[in-house]
Amino acid sequence: MAIKEPEVLNPFEVAVAQFDVAADRLKLGQDLRAILRMPKREVSVNFPVKMDDGSVRMFTGYRVQHNVHRGPSKGGIRYDLHVSLDEVRALAMWMTWKCAVVNIPFGGAKGGVIVDPHDLTIGELERMTRRYATEIASVIGPESDIPAPDVNTNPQVMAWIMDTYSMHHGYSIPAVVTGKPLAVGGSEGRMEATGRGVAITTREACHALGMPFEGARVVIQGFGNVGSISARILHEMGCKIIGLSDIFGAVYNESGIDVNLALAHLKDHGRLSGLSGTTPIDGNDLLELPCDILIPAALEGQLTQANADRIQAKLIVEAANGPTTTEADEIFHERGIPVVPDILANAGGVTVSYFEWAQNLQHLSWAESEVNARLEQIMVRSFNAVNDIRKEKACDFRLGAYLLSVSRVAEAAKVRGIYP
Ligand code: GLU
């Protein structure tokens, strides 16, 4: 097993612990603290789907909206067997801080269905998606809560959600989801945006820390949308990708992996193993390879108390959401290994989601060069804002990012006040 399953960890406890550290430092009052600690709304749904063989299968799904003080809630939908209410709560809270770090006018939400979509036929996947979309239709909308892709969901799934929601209303409402195919109002550059943002942030972090970026040896865990595109863009920017993994295993080459070859191999074989010019290694050992930059781009809870002492990277950039536990974070802090947190490093995805939503609302479509230039500007500006706080407050990147984002959300909550 290449990627450790996060079953023993409660990601919501990790998320709340991270928030509490920032709230203490900001001396946030008890009322604001209590408001921001809890999700605003949680929807749990159990729903039937007709399977291809005529049988009926029940599915369980969630949509959690953590906060809407700065704007409609925003966040992806994941399909995974490990989805739980606490996981979705954590991911929703992280979305609130993520949108605030990059200063886009959204709150945070997340959704999920307990399913391994690889077990479903395409027809079953479509019917399950449309029924789940119907179950949560009363709480999503272009002005209230806007889903997007996440683990195991993609533009096709977004198109079905957009179509289902639009059918209920009798006209097309593309702005209800982002990460759509270009044919139905998706944005240029959205597919690549999270990976591009990770690459930009990694470059900025190297510069800020006085570490060489070109030629840096990079290990990436996870080769889905985020991991593979981060790898490709970092490779194009001159980094040397020495280790990669997917759910089936990991591959290694000290002198550098040709990422384009890895992408072609994945297309042909559905997995990285067997990639020519690489040696197979254990997925857990991959994380512990000597390297300059380690990029966890898979699931939560990968860097824990159990392996944090053995990590040899000089810099960790969190492309996944919540890959580092609180204990591991403390160990990295003590060992002087900087960690660029998820809410900053992977915010490129939701940033271009914001561009997609804004384009949809105005019936416009921007060129890819414009999308990428605006993304670059926001990522660099946000990194610098966090880095300035890190230096000023003598804290790590995570706390810097939390101080910035929590104070922005708290300010919005304070000026709006409590209704009635
Ligand atoms: N699922 C992505 C994330 O975790 C993107 C969310 C979005 O675009 O709304 O940031």
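Reckoned from all heavy atoms, side chains included, excluding hydrogens, waters and symmetry mates. Each ligand, and each atom within it, is numbered from 1 in the order the structure gives.
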**OP:** Considering heavy atoms of the protein only, find what lies nearest to atom 9 (O) of ligand 1 and give residue, atom and distance to 0.1 Å.
**Re:**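 Ranking protein heavy atoms by distance from atom 9 (O) of ligand 1, first comes Lys74 NZ, 2.8 Å.
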Subject >> From Glu356, Lys110, Met95 - option closest to atom 6 (C) of ligand 1 by heavy atom >> reply: Met95
Subject >> Heavy-atom proximity to atom 7 (C) of ligand 1, best of Pro149, Ala320, Ala347, Ala148 >> reply: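 Shortest heavy-atom distance from atom 7 (C) of ligand 1: Ala148.
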Original post:
Counting only heavy atoms, which portion of Asn321 has something under 4.0 Å from ligand 1: side chain, backbone, both, or neither?
Top reply: side chain
Original post:
What is the ring orientation for Tyr354 with Phe106, classed by angle as parallel under 30°, tilted 30 to 60°, or perpendicular over 60°?
Top reply: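 It falls in the perpendicular class, over 60°.
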Just jot down the ligand 1 atoms closer than 4.0 angstrom to any heavy atom of [X], in number order.
X: Gly75; result: 9 (O)
X: Lys98; result: 3 (C), 4 (O), 10 (O)
X: Ser353; result: 7 (C), 8 (O), 9 (O)

**OP:** Examine ligand 1 and decide if any of its atoms is less than 4.0 Å from a heavy atom belonging to Met158.
**Re:** no
Original post:
Can you list the steps and then say if Ser73 with Lys40 is a side-chain hydrogen bond (donor to acceptor under 3.5 Å, both in side chains)?
Top reply: CA-CA 10 Å; Ser73 51; Lys40 169 198 162 65; over 6 Å; no
**OP:** Could you pull out the closest heavy-atom pair between Val218 and Cys239, with the gap in Å?
**Re:**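 Nearest pair, atom of Val218 first, then Cys239: CG2-CB, 3.8 Å.
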Subject >> Check ion pair Glu376-Arg203 (N to O, under 4.0 angstrom) >> reply: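 Yes, Glu376 and Arg203 are salt-bridged.
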**OP:** Please confirm whether the backbone N or O of Thr194 pairs with a side-chain atom of Asn346, one donor and one acceptor, at under 3.5 Å?
**Re:** no
